[in-house]
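Order of the sequence lines sets the chain letters (A, B, ...), proteins ahead of strands, with each chain counted from 1. Computed over heavy atoms, backbone and side chain alike; hydrogens, waters and symmetry mates excluded.
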Amino acid sequence: MREIPKAYQPQEVEDKIYKEWEESGFFNPDNLPCAGEGKTPEKFVISMPPPNATGILHLGHASMLAYQDLMVRFNRLEQKQTMWLPGTDHASIATQTKVEKNIAKEGLTKYDLGREKFLERVHEYVEGSRDTIREQVRKMGSSCDWSRERYTLDEGLSEVVRQVFTMMYEDGLIYRGNRIVNWCPRCESTLADDEVEHEEKEGKFYYFKYQKDFPITIATTRPETKLGDVAVAVNPKDDRYKEFIGKTYKIDLGNGEHEIRIIADWTVDMAFGTGALGVTPAHSMADFQMATENDLPTIKVIGEDGKMTAEAGKDYEGLTTLEAREKIAKHFRDQGLMEKEEEVPQNLSVCYRCNAAIEPLPSLQWFIDVNKKITKDGNKYFQDKSLKEVMLRVVQEGEIKIIPERFEKTYFSWVENLRDWCVSRQLWFGHRIPVSYCEDCGGVVLQKDEAAGCSKCQGSHLRQDSDTFDTWFSSGAWTFSTLMDKDFAKYANFDEWVENSPDLLKYHPTSVLETGYDILPFWVARMILMTTYVLGEVPFENVYLHGMLRDKEGKKMSKSLGNGIDPLEMIEKYGTDALRLSLIIGSTPGNDLKVYEEKIETYRNFVNKVWNVSRYILMSVENVQRVEMRPEAKTLADEWILGETDHLISDVKDNLENFRFSAAGEEIYDFTWSKLADWYLEIAKVEGSKDEILLYVLERLLIVLHPFAPYVTEEIWKDFETGELLMVQKWPETVALQKEDTKANFEIVKDIITGIRNIRAEYKIEPKKKVKVVIVSVEKKDLIVAQVEIIKFLGRVEDLEVAETFAKKEGMAVAVLSGVEIYVSLEGLVDMEKEKQNLLKEKQNLTAFVSNLQKKLGNETFVSKAPDNIIEAEKGKLSESMEKLAKIEEKLGAM
RNA sequence: GGUCGCUUGGCUCAGUUGGUUAGAGCAUACGAUUCACAUUCGUAAGGUCGGUGGUUCGAGUCCACCAGCGACCACCA
C-alpha cells in the first residue's frame, strides 16, 4: 500500500511543480512535442496584457491569469502549438505618479532631481516591481513563455514606437496642433479624452452680469474663467436675447478692456441657467468650438501650473483658480452684480491617475487624425479608408469577435465618437517623441533625418521634443511589437524587419485577447487601430472580456476601501488551485464577480476531494499504470461511469472551445463529487476488481481538470510514474457514447437506494442498523436482481427480496417510484399517519401533473404543431405517471 | 441626456439556439466519527424565475411597457 497524505498540502508542492514545468521548457511552444520537424500544428497564442510596472499583483490580475492559463493549458493539451507571451507595461503616467509620491516622502520633487536623476529613480523602482510581478505571475501557476518576456520600454519595442510614429507622420496621420486639451495640473501633462474621469461634486452656480451696463445675466460654476470670456452665447430661438445677437460690448473685469460679442448657438439650452453662457474659448472644449466658428480670439487666463496667468490681470496673476474664484466672486458681489448663488451638483473632470481637477487648456500637441482617409500600399484595410472606418469594419465583419457580443455595441459607440487622439504627454518617463525642432526657423525634423539638419532652412540648431508618448501608443503595438526580431538594427526598414521576424510570421495574429471590459476603449481599440494600420492584420481573432471583481457587498475592490482580497494570502491559505477555481466557476463573460473567502474555501474542499478520490484509487489498485484502451464494462455501474466519462470529456472540450469556462468547471466538479466519489467509488467497494476502470477514469479526470487546477492534478499524476508531465499529455478521445438505457437504468438503481435511505432518515433508523426490504417490480425485475448487492450495501439492507407482487404487511413503510415499489420493514415503528400524509402529498402532485399532461395532449393545436419527439415524450410521461398514481391510490385504499 | 446590463429559493450564481415537474454551491434542519476524505457522509426543507401585457401548441428563455439596482459614455455652461 502506498503512503499518501490524508489532505492535500498545496504549500508543499506548488513551487516545486512550477519549477519542473518551467525547467521542462514546454512553456516555450518551440519545444512542444507537436512542434517537431516538418510538422504544422495549429497555433494558439495569447499576449498577456502587461501588468503595469507599478506595485503588486491584485485579484484582478489573478483572475486574468486564471482565465488565460485555463485557455493556454487546454489548447496545449489539445496539441496546439501554444504560446503565452508575458511582459510588463511601463505605464508612464501611473508609474511616474507613483515615484513622485515616493520621492515626496523624502521631501523631493522631480525638479529637484532633474530629468536624468529622476528617471534613474523610476528605473530603479520599476526593476523592483517587475521582479515582484514575475514572482507573482509564477505563483498563479501561469504557463507563460518567460523566454519571450518583453517590456514596453525594451529597445526593440521603443524602436517600433519610433518607426510607427514616423510612418504615421509620413502618411499624414499625425499632426501637431494647438487645440484645447485635457490638462492635469498635478501631473503637468495632457490626458486623452478617455483618461479623464467624472466625479459628482457639490458646486456653486453663480448668476451675475459682467458689469452694470451689460444687458444679459450669465451663469457659471467657474467665475474665474470669465476673465477669458470673449462672447456670450444664446440660443437663436430665445426671444429674451434675440435682439442682442451680433452686438458687441466692452467690458473690463480687471485685466484690461476687451470685447464681448453676443453670438447665437443652437447647442445652448434655453432652460439651463439663464439661457446665456459666457464663452471662454481657452478653457472649454465647447467654447473653443464656438469661438472657432465665430472667429473669436482666445484669452488664456489659466496656465499649465493651474494658476492664473498674466493675461488674467495683475490682481489675479499667480493665484490658484480657487483663490481667483473667490476674489472675482467678491468683486461681483461688491459691485452689486451678483444676482444669485446656488449650490448645485456638478460633474467635475478629474485625472484618472491622480484625481486632480482637469483644466482644459489650449496647447500645442501631437494628434493622430482618426478621420483622414489614407491609402497604404500592401495594406488590405487602408485603401482610401480612415483609422476610424477600419476600426469599425474589422469588428462589424467579424474578423474580430468580441465575447460577450453585447460589448461590440460599446465598442462601436466609442469608435464612432472618437476624436483625434492626443498622443503627446509632458511626462518624463516614457518613449520620447522622435522629433526635433529647428531653433532657427521652428521647422519639424524627424529623428531619423536629424543628421541632415533642418529641411527648411538647413539649420543645425535642433532641439529634441521634450515630450513623451501616451503610454497606450506603445501598448497599442503590444501583440506585434513583442514578436518582432530583437536585433532590429540590421534591417534597412520596417518592412524588412517585419519580414525577418519569424515569431511574428508564425504567431501573429494572436488567438485571444483576454482582458477586463474596463479597458476595451483604452487598450483593445487602440491595438486594433495600431495593428491594422501597421501590419494590415488584426491583432487578435477573439476578445474575451471578463468582469470586475467585487467584494461580498458588491463594492469594487480598492486599496482605499481596504476590502481587497490579497491573492497571495489566499494562495498561502488555500492553495493556487482553489483560488483559480473560485475565480473561474461562477463567472460569466462581461459580468462582475463577487469574491470572498468562503467561496475560495469551497474550492479548497473540492481540490481536497480530488486528492482523496485519487488517493483511494491509487492506494486500492494493485498496479498504478496508464490505461490506454477503454476497459470492458462488467456491470451496469461500469457502463455508466465510462459513459459519463465520455460525456465529461466532450462537454468540457465543447464548453472551453466556446469560452464557457464556468460551465466546464461546474461539470467537472459535479462529475468528480456527485458521480465518481458518491456513487461509483462506493459501488466499486462492493463489486471489486475495477482497477482498470478506476485508473482509466482517473487518468482522464486529471487531464480535463488540469487546465483549471494545474498543481493538484500534476502532483497526483506523478503517481502514474510515466516520467512525463501531465501538462503536455493529450486531451483524451471520447470512445463510445453511452447506451441509451444505461443512464436510465442506473438512475433507477440510484432512486431505489435513495428511496430506502429516505425512509430510514424519516424514521430515524440508526445508520448502523440493517433493515429488511422488499422491492416489487415487473418490468425492471431483472435489472434490480442484478444490482441487489449494490442496493444492499448502499441502502444498508440486510435482507432484500425482489418480487413481482407483494402484499403490504403491517409495520412496513412504502415508497412508490415509477414501475417500482419499495417496502421497508420497520418492526412496528411505522407511523401510519405519517405514511398516509406522504402518500397523499405525492398523490396531489401527481394528479396535478397528470391532468396538465392530459390537457396538453388533448389540445389539438399542440398535437398538430409540436414536433413528434416532444409529443412522444409527453405521452411517455403521462402513462408512467398514471401508472404510478394508480399504485399510490391502491396503497392509500389499503390504509 | 444617451447606451448597456442586472433582477431566478436566506446568500452567490448557472440556465447555449423557446420543449421533461427550473438546477448547483454556500447557509439551514435532522442524523452519522476510527472503513479515501469531518477540507467528510446521508436525508430533508426552501423558488407563482421583479411587475403587467403580448407572440407561440408551448416562455425563466422572444417582444413591448413599467419598477428597482448598477455600469459606462456625454462640452449642460
Side-chain angles (χ1 to χ4, degrees), chain A residues 4 6-8 180 194 198 205 218-222 225 233 267-269 271-274 276-280 284-290 346-347 349 360 404 406-407 409-410 413-414 417 517-518 520-521 548 552 554 574 578 585-588 590-596 598-599 601-609 611-620 654-655 658 660 662-663 666 669-670 674 677-678 681-682 685 754 757-762 764-768 794 796 845-846 848-849 852-853 856 859-867 869-871 873-874 876-877 881:
Chain A
I4 302 175
K6 280 179 103 164
Y8 173 55
I180 301 288
D194 48 344
H198 301 276
F205 213 25
I218 58 161
T220 182
T221 52
R222 300 199 59 191
T225 63
T267 62
V268 177
D269 181 350
F272 192 81
T274 62
L277 70 105
V279 179
T280 323
S284 155
M285 308 254 179
D287 295 7
F288 184 78
Q289 185 66 32
M290 288 183 209
Q346 63 162 345
N347 252 343
S349 299
R406 65 186 146 90
F407 278 96
K409 216 164 175 173
T410 311
S413 77
W414 188 81
N417 295 313
Y517 64 73
D518 55 333
L520 180 71
M548 301 295 105
K552 208 170 181 174
Y574 302 105
I585 297 180
S587 103
T588 41
N591 292 328
D592 292 353
L593 179 70
K594 293 182 188 174
V595 188
Y596 40 89
E598 296 93 299
K599 217 167 183 170
E601 205 179 328
T602 305
Y603 292 106
R604 186 271 316 265
N605 295 352
F606 171 65
V607 168
N608 191 59
K609 188 74 184 181
W611 177 261
N612 271 291
V613 163
S614 308
R615 180 168 182 257
Y616 173 73
I617 293 175
L618 295 170
M619 292 199 316
S620 67
D654 182 57
N655 280 325
N658 290 293
R660 293 188 295 257
S662 179
E666 276 176 82
Y669 187 102
D670 181 60
S674 313
D678 288 351
L681 290 190
E682 293 308 312
K685 288 174 188 170
T754 306
R757 286 170 171 173
N758 183 348
I759 290 171
R760 298 186 63 120
E762 210 159 303
K764 304 205 190 318
I765 299 167
E766 280 178 66
K768 271 187 198 160
L794 296 178
R796 302 200 68 82
N845 288 342
L846 268 178
F849 185 53
N852 278 341
L853 281 174
K856 202 170 185 180
N859 184 340
E860 265 181 47
T861 39
F862 172 72
V863 179
S864 62
K865 289 197 174 175
N869 60 326
I870 298 291
I871 296 173
E874 298 295 297
K877 274 188 284 179
S881 307

Checklist entry - So A:Leu681 and A:Ile617, side chain to side chain contact (heavy atoms under 4.5 Å, CB included) or not? Walk me through it. => result CA-CA 8 Å; A:Leu681 290 190; A:Ile617 293 175; 4.1 Å; yes
Next on the checklist: For the C1' atoms, the ones on B:A29 and on B:C49, what distance do you get once it is rounded to whole angstrom?
Outcome noted: 25 Å
Checklist entry - Under 3.5 Å, is there an N or O donor on one side and an acceptor on the other linking the side chain of A:Gln346 and the base of B:A77? => result no
Collect all protein-nucleotide pairs involving nucleotides 72-74 of chain B in which both atoms are nitrogen or oxygen and the distance is under 3.5 Å.
residue, atom, partner, partner atom, Å
B:A74, N6, A:Asn347, ND2, 2.9

Checklist entry - Does A:Lys594 have a side-chain nitrogen or oxygen under 4.0 Å from the phosphate oxygens OP1 or OP2 of B:C13? => result yes
Next on the checklist: What's the closest nucleotide to the side chain of A:Asn758 if the choices are B:G5, B:U43, B:A36?
Outcome noted: B:U43
Item to check | Interatomic distance at C1', B:U61 relative to B:A22, whole Å | outcome: 11 Å
Checklist entry - Between A:Asn612 and A:Lys6, is there a donor-acceptor pair closer than 3.5 Å when you use the side chain of the first and the backbone of the second? => result yes
Checklist entry - Taking atom C1' in both B:G2 and B:C62, what distance in whole Å separates the two? => result 25 Å
Checklist entry - For RNA chain B, what is the dot-bracket line, given that a base pair needs Watson-Crick (N1 to N3, plus N6-O4 or O6-N4) or G-U wobble (N1-O2 and O6-N3) geometry with both distances under 3.5 Å, and | means paired with another strand? => result (((((((..((((.....[...)))).(((((.......))))).....(((((..]....))))))))))))....
Next on the checklist: Could you tell me how far B:C6 sits from B:U20 if I compare only their C1' atoms? Round to whole Å.
Outcome noted: 29 Å
Item to check | Residue A:Ala7, side-chain atoms from C-beta onward, closest of B:G42, B:U39, B:A77 | outcome: B:U39
Next on the checklist: Within 45 degrees of the ring normal and closer than 6.0 Å to the centroid, is that where the cationic atom of A:Lys685 sits relative to A:Tyr616?
Outcome noted: yes
Next on the checklist: Taking any heavy-atom pair under 4.0 Å as a contact, classify A:Val268: base, sugar-phosphate, or nothing.
Outcome noted: base
Checklist entry - Distance between the P atoms of B:U7 and B:C63, in whole angstroms? => result 15 Å
Next on the checklist: What's the gap between B:U8 and B:G31 when it is taken at their P atoms, as a whole Å value?
Outcome noted: 33 Å
Item to check | Check: A:Pro767 main-chain N/O paired with A:Arg796 side-chain donor or acceptor under 3.5 Å | outcome: yes
Next on the checklist: Does A:Lys6 contact B:A38 through a side-chain donor or acceptor facing the base, at a distance under 3.5 Å?
Outcome noted: no
Checklist outcome for this item: Whichever of A:Tyr8 and A:Leu593 has the more 5' nearest nucleotide on RNA chain B, that residue is A:Leu593
Checklist entry - Who pairs with A:Phe205 by ring-ring contact (aromatic ring centres under 6.0 Å, His included), at least two apart in sequence or on another chain? => result A:Tyr207, A:Phe272
Next on the checklist: Just N and O in the side chain of A:Lys409: are any of them under 4.0 Å from OP1 or OP2 of B:G5?
Outcome noted: no
Item to check | Under-4.0 Å side-chain N/O to phosphate OP1/OP2 contact, A:Lys609 with B:C41 | outcome: yes
Checklist entry - How does protein contact run along nucleotides 16-32 of chain B, one letter per nucleotide 5' to 3', with B for base contact, S for sugar-phosphate only, - for none, heavy atoms under 4.0 Å? => result B--BBB---SS---S--
Next on the checklist: Run the side-chain contact (heavy atoms from CB on, under 4.5 Å) test against A:Phe407 and tell me which residues pass, sequence neighbours left out.
Outcome noted: A:Ile402, A:Pro404, A:Thr410, A:Tyr517, A:Leu520, A:Leu545
Next on the checklist: Strictly below 4.0 Å: does A:Arg757 bring a side-chain N or O up to OP1 or OP2 of B:U43?
Outcome noted: yes
Checklist entry - How many angstroms lie between atom CD of A:Glu874 and atom NZ of A:Lys856, to the nearest 0.5 angstrom? => result 4.0 Å
Item to check | Pairing residues for A:Asn591 by the side chain to side chain donor-acceptor pair (under 3.5 Å) criterion, not counting sequence neighbours | outcome: A:Arg406, A:Thr588
Next on the checklist: Distance check, P atoms only: B:C57 and B:U52, in whole angstrom units.
Outcome noted: 23 Å
Checklist entry - If you measure from the C1' atom in B:A45 to the same atom in B:G19, how many Å do you get, rounded? => result 29 Å
Checklist entry - Separation of A:Met548 atom CE from B:C6 atom P, in whole Å? => result 16 Å
